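In this text, all values refer to a predicted model and were calculated from it rather than measured experimentally. Sequential numbering from 1 along the given sequence is applied to the chain's residues.
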Amino acid sequence: MSYIAIILLLIVIFIGYRRYYPVKGILCINKHEVKEEDITVLDIRNYNETTYDNSIQILNIPYAYLKRFYLEIPKGKIHIIAADRVELNLGIRFLRKRGFTIQSYELASCPCKNKSKKGMLGYGV
């Protein structure tokens, strides 16, 4: 009986880690501050939450569809736009596992305020 409890506890810890523990080392910047031409701006919010901006070309693939459509994302550096931190953490971990390089991110719910190391995911924003 105790083995089952330990296994269930480990599963809950693993799921909690993947969802809530922040991925470190990724800068928080706004999509308009992305200066490099070879960065793909990927919006992983739901289709009904996205806002269209004609000044920047944005690839919109919601997190729920990433497993099916991640091959459509061009290889190279990626800037991610997410609705909340849970969606961001899951999206970054999924894309890194598939070999993509995540350069920066932006949360739609709270815009980035600074470009220092304090603006890095995992170090407090």
Exercise for review: Return yes when atom NZ of Lys67 has more than 12 non-hydrogen atoms of other residues, nucleotides or ligands closer than 6.0 Å, and no otherwise.
Suggested key: no
Check your understanding: Does His79 reach the side chain of Ile29, with side-chain heavy atoms less than 4.5 Å apart?
Key -> yes
Point to revise | Nearest-0.5 Å distance that lies between atom CG in Leu95 and atom OG1 in Thr101 | key: 10.5 Å
Check your understanding: What's the spacing between Ile26 CD1 and Gln103 CD if we round to 0.5 Å?
Key -> 9.5 Å
Revision key, fill the gap. Separation between CZ (Arg85) and CG (Leu90), nearest 0.5 Å, reads 13.5 Å
Review point. Do other residues, nucleotides or ligands put more than 12 heavy atoms under 6.0 Å from the CZ atom of Arg18?
Key: no
Review point. Out of curiosity, Ile102 CD1 to Ile78 CD1, how far, rounded to the nearest 0.5 Å?
Key: 4.5 Å
Practice item. Kindly indicate, with the supporting measurements, whether the criterion side chain to side chain contact (heavy atoms under 4.5 Å, CB included) is fulfilled by Val23 and Arg96. Key: CA-CA 11 Å; Val23 180; Arg96 278 188 170 174; 3.2 Å; yes
Check your understanding: Is atom OH of Tyr47 surrounded by more than 12 heavy atoms (other residues, nucleotides or ligands) closer than 6.0 Å?
Key -> yes
Review point. Is the number of heavy atoms from other residues, nucleotides or ligands within 6.0 Å of OH (Tyr21) greater than 12?
Key: no
Point to revise | Ile13 atom CD1: more than 12 heavy-atom contacts under 6.0 Å | key: yes
**Study point:** Taking every non-hydrogen atom, the tightest pair across Ala83 and Ser109
**Key:** O-OG, 3.3 Å
**Study point:** Atom pair CD1 (Ile44) and CG (Leu88), whose distance is rounded to the nearest 0.5 Å
**Key:** 6.0 Å
Revision key, fill the gap. On a heavy-atom basis, the closest approach of Asn60 and Asp43 is OD1-O, 3.1 Å
Point to revise | Side chain proximity check, Glu72 to Tyr65, heavy atoms < 4.5 angstrom | key: no
Review point. Any donor-acceptor pair under 3.5 Å linking the side chain of Glu106 with the backbone of Lys31?
Key: yes
Check your understanding: Looking only at heavy atoms, what is the nearest atom pair of Pro74 and Phe100, with distance?
Key -> O-CE2, 3.9 Å
Point to revise | Approximate separation, where rounding is to 0.5 Å, of Ile80 CD1 and Ile92 CD1 | key: 5.0 Å
Check your understanding: For Arg93 and Tyr17, what are the C-alpha separation, side-chain angles and deciding distance, and is it a side chain to side chain contact (heavy atoms under 4.5 Å, CB included)?
Key -> CA-CA 11 Å; Arg93 285 191 171 95; Tyr17 171 80; 3.9 Å; yes
Check your understanding: Donor-acceptor pair, Asn30 side chain versus His32 backbone, under 3.5 Å?
Key -> no
Check your understanding: Where is the tightest heavy-atom contact between Arg45 and Ala108, given as atom of each residue plus distance?
Key -> NH1-CB, 3.3 Å
